[in-house]
Amino acid sequence: MAAASRISRLLSRSLASSSSSSALLSKGRISGVGRVVSCYSTTAAAAVDNPSTPSVKVNYTQLLINGNFVDSASGKTFPTLDPRTGDVIAHVAEGDAEDINRAVSAARKAFDEGPWPKMTAYERSMVLFRFADLIDKHTEELATLETWDNGKTYEQAAKIELPMISRLIRYYAGWADKIHGLTVPADSPHLVQTIHEPIGVAGQIIPWNFPLLMFAWKVGPALACGNTIVLKTAEQTPLSALYVAKLLHEAGLPPGVLNVVSGFGPTAGAALASHMEVDKLAFTGSTQTGKVVLELAAKSNLKPVTLELGGKSPFIVCKDADVDKAVELAHFALFFNQGQCCCAGSRTYVHENVYDEFLEKAKARALKRSVGDPFMAGIEQGPQIDSEQFEKILRYIRSGVDSGATLETGGERIGSRGYYIQPTVFSNVKEDMLIAKDEIFGPVQSILKFKDIDEVIRRANTSTYGLAAGVFTQDIDTANTLTRALKVGTVWVNCYDVFDAAIPFGGYKMSGQGREKGIHCLSNYLQVKAIVTSLKNPTWI
Amino acid sequence: MAARRISSLLTRSLSASSSASASLLSSLGTNSCRNGSIKRCSTAAALEELIFPPVQISYTQNLIDGKFVDAASGKTFPTYDPRTGEVIARVAEGDAEDINRAVAAARKAFDEGPWPKMSPYERSRILLRFADLVEKHSEELAALETWNNGKPHEQAAKSELPLLIRLFHYYAGWADKIHGLTVPADGPHHVQTLHEPIGVAGQIIPWNFPLIMFAWKVGPALACGNTIVLKTAEQTPLTALYVAKLFHEAGLPPGVLNVVSGYGPTAGAALAGHMDVDKVAFTGSTDTGKIVLELAAKSNLKPVTLELGGKSPFIVCEDADIDKAVELAHFALFFNQGQCCCAGSRTFVHERVYDEFLEKAKARALKRVVGDPFKKGVEQGPQIDSEQFEKVLRYIRSGIESNATLECGGDRLGTRGYFIQPTVFSNVTDDMLIAKDEIFGPVQSILKFKDLDEVIRRANATRYGLAAGVFTQNMDTANTLTRALRTGTVWVNCFDVFDAAIPFGGYKMSGIGREKGIYSLHNYLQVKAVVTPLKNPAWL
């Protein structure tokens, strides 16, 4: 239970009593004191250039179709890489249109013939509960695999994300037997009821930044509602989903209910999005790709699509803010997970009264951030996911410099291997600069100055995105004004990245369609059927 | 009360077919036989003398920012009387530029208010006053609807206008009942969701029920605090302009509801692809719905709800009371000249009752009264326009060529306008075009089946999934069918019951989302989660 709030609680605890040591905060200090790992400003090359060897074996690299691990139809494989070094971890079966076809027909059969949708909701919930227990049992291997394939810090994977995954699965397990339809007041002598049916075969495409969490967000509600699934993982991080899918079968999931295809977007992903036998599609990733996914759905069979896309979320520090707390929270909002969050607080708006102090402290905090081998204790930041993202971020940093923003700190790679980037802070950022408009998806904080609330509302809303926002103030009127006015799906007031299972998450504008988590996510995986039956001489209507 | 008129008219006739109480639908046929004042489908003389509609056309311009204005281009297009194909009026032809102006007005009305800043109670009062005004002007509106659309005046006046009023009462009642949630947290946080209006809604409505579709779209959007740019069908632009005028009389601020008349590829496409429109709702054909969704995907990813085509099965089981089943199946298909997205256009009849059903269905179709929709007792008016008229006749030819048996009908009626004989095909098989495509006309296709599993499989073997009718007294049969049919609505021993609270929408390629009922509100709301930390909370 405590798991889901871990991210935010770790932080809020540190804020509430800054002398006590919180995991996230203390990392910086440990590294500063102990020199176990180095802050990026010192020569960290030694620490990042000699990575440790992960203590886990890669057992599952094939596609999981109809309950069996199988090679791809073409026999092809692709390498998945360790972001610390760029070295190959394993070769993974490369799914393509033909594998998607096979996976969809397995899912179709499992849905149309059962047993999954014909089992009782209670039985389905028990499978999910058992699955959650198995995740808890295998936390270490899973967290290790996640860090190895993704580059996120092991402490984050093991202590925050894995507990959150079992928590999410238990949340959805609890929903399975609580999906109620309605009886509906009629205008005439009719019995009207709605039943909420599983939608059928769900296609799900997940990203690489939180491979297991995104697995849980997608698979949890789809299974709780009685659907079957074809899941395509990101080509950067195929490993952990195959592992947990295996556990789900151990927990009693019938074959064909969850099929996992590793592969690339233009081949496997496109085949899934445009498949005529897929009844629903859920996608998390970039806005650009989300538009393609929706177009493919429109051109094929009009499957309903939910999209969880990019963001350029404002983090607004008001003039009454406690600057130390605001600095720490804003730092966390941006740098968490190497800055690779769709909801990263990537436009830090600071009121002019506190701007100078904030800037100085934000820069100092970034300088203290410990970057290194994510398997080492006390490390706050690992490598970016791959060379493409690495190069893209460095390009955005150059663009920031070129467009006249002030580079306060960072700006370079770290070491000579892998994809490490220095925590970077820009000040004097203007809305028309690319670094203030585009999603950078890296450890680059852009700090902007504002004068009054109306102005910051206007500027914060001048974005094609609308995923989330942070508001930092003690004033209740300011908080209420901002939460109503910001066109975003989540407003975190004096907190950030709180991801409890029951909190809906999703975007306004081009950040997406629909909501995940919470009660709202269930409607993504249900069809509403109205049943109207004539009544003879009813006692009441 | 009003809302159930369509179905209760039918139910009454079914439950007491021998009694003297005359239901509208069943009595129409009998009257016509007796007094000969109007003719059945086999003759055509009645079509020559037409009643002149007792209504003036006052509004033909676009309604933007509370004012009637000409199109930016100055262009107009003709709108027709389907009884004759003659021009009723020329209407301002909206294009991309008019959509831009309408969206700018709606944007301003949303961003600056007063509409979303008014209390929900104030918004609900305006909807209620509007409903009162519609009631006051029911006669003109029904006349205008029939004149422009060709549907029987009795249907427009006695079923549809009351339904329109009832729908606005329904949505007015929702305006002040849109609750967010407070949400259980996993840590010391206060979590709440706000359900906010989504912004500027683009709405594109069809010609088959111009005013009802206006209500389905405009009602929930306004109740939720949005502003609107509505594009009407080019065939039927008149009534929406009239009621939009009434809305402003009821107190709707300028810019909240903008109505643009025009065509799909120009005005419609501009609306669906507009970067400042936050939501699009479309009702129409599946092919056009796909284009609308693509335009939304290529522009700003506005969420889209689609209410599209259908090929709805009407399943008559072996235990059915044949007379009632015939009447209901006839109604399910022929209602509104067969121009319903949910028309029961595949009549599956169990083999044991097939022969009797067929004979009576044919007799019922032969009795159907076709004529000037303004005349009393007429059950069926003309099809909407020459394009639909030709399309329906093409499908009839296709049915004959593919060896279905033409039991009756099959031709046009008279020499003017777009009247078509009530047509019944038997020996229809699933692979024929008439059993696969949406014909949208008075053409009933009767298919034979043997057992439940078979009819479930065949009923589901379509890309559509809008609605289904089930006719049986057996409870197990009813339950099996209602669960197994992949459709958004199942009517059991009834059809076309359209109460305000019943959600309506499609599975598969019949659409995305639901209209009416509580479900329709989601289409016009954004969910915002607000999370605040708690200090030493008394409970979690």
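So you know, we letter chains A, B, ... as the sequences are listed, proteins then strands, and number each from 1.
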Answer with side chain, backbone, both or neither: which region of [X] has an atom nearer than 4.5 Å to a non-hydrogen atom of chain A?
X	value
B:Leu295	neither
B:Arg514	side chain
B:Val191	side chain
B:Val183	side chain
B:Lys279	neither

Between [atom1] on residue [X] and [atom2] on residue [Y], distance to nearest 0.5 Å:
X	Y	atom1	atom2	value
A:Thr533	B:Asn479	OG1	CG	8.5 Å
A:Ser523	B:His522	OG	NE2	6.0 Å
A:Ile531	B:Ile502	CD1	CD1	11.5 Å

Nearest atoms (heavy-atom pairs only) where [X] meets [Y]:
X	Y	value
A:Leu182	B:Tyr519	CD1-OH, 3.5 Å
A:Arg167	B:Asp186	NE-OD2, 2.6 Å
A:Arg484	B:Glu196	O-OE2, 3.4 Å
A:Pro185	B:Ala501	O-CB, 3.5 Å
B:Thr482	A:Glu197	O-OE2, 4.2 Å
A:Pro504	B:Ala529	O-CB, 3.6 Å

Given a strict heavy-atom distance threshold of 4.5 Å, which part of [X] is in contact with chain B: side chain, backbone, both, or neither?
X	value
A:Ile199	backbone
A:Leu307	side chain
A:Asn301	both
A:Thr464	neither
A:Lys303	backbone
A:Val528	both

For each of [options], tally heavy-atom pairs with chain A at distances under 4.5 Å, and name the one with the top tally.
options	answer
B:Ala185, B:Ala468, B:Gly199, B:Pro303	B:Pro303
B:Gly289, B:Ser299, B:Ala478	B:Ser299
B:Leu194, B:Asp278, B:Thr487	B:Thr487

Is there a side-chain contact between [X] and [Y], using heavy atoms and a 4.5 Å cut-off?
X	Y	value
B:Arg166	A:Asp187	yes
B:Asn493	A:His190	no
B:Val531	A:Phe499	no
B:Val492	A:Ser534	no
A:Arg515	B:Gln526	yes
A:Val532	B:Val490	no
B:Leu308	A:Leu302	yes
B:Asp499	A:Ser188	yes

With a 3.5 Å distance limit and no angle check, can you tell me whether B:Lys528 reaches the backbone of A:Val491 through a side-chain donor-acceptor pair?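 Not confirmed, B:Lys528 side chain does not pair with A:Val491 backbone.
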
Tell me, which pairs form a salt bridge (Lys or Arg N to Asp or Glu O under 4.0 Å) where one or both residues lie in residues 287-297 of chain A, sequence neighbours left out?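 Residue pairs passing salt bridge (Lys or Arg N to Asp or Glu O under 4.0 Å), neighbours aside: A:Glu295-A:Lys299, A:Glu295-B:Lys298.
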
Using a cut-off of under 4.5 Å for heavy-atom pairs, which of A:Leu294, A:Val292, A:Val305 has the most such pairs with chain B?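 That would be A:Leu294.
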
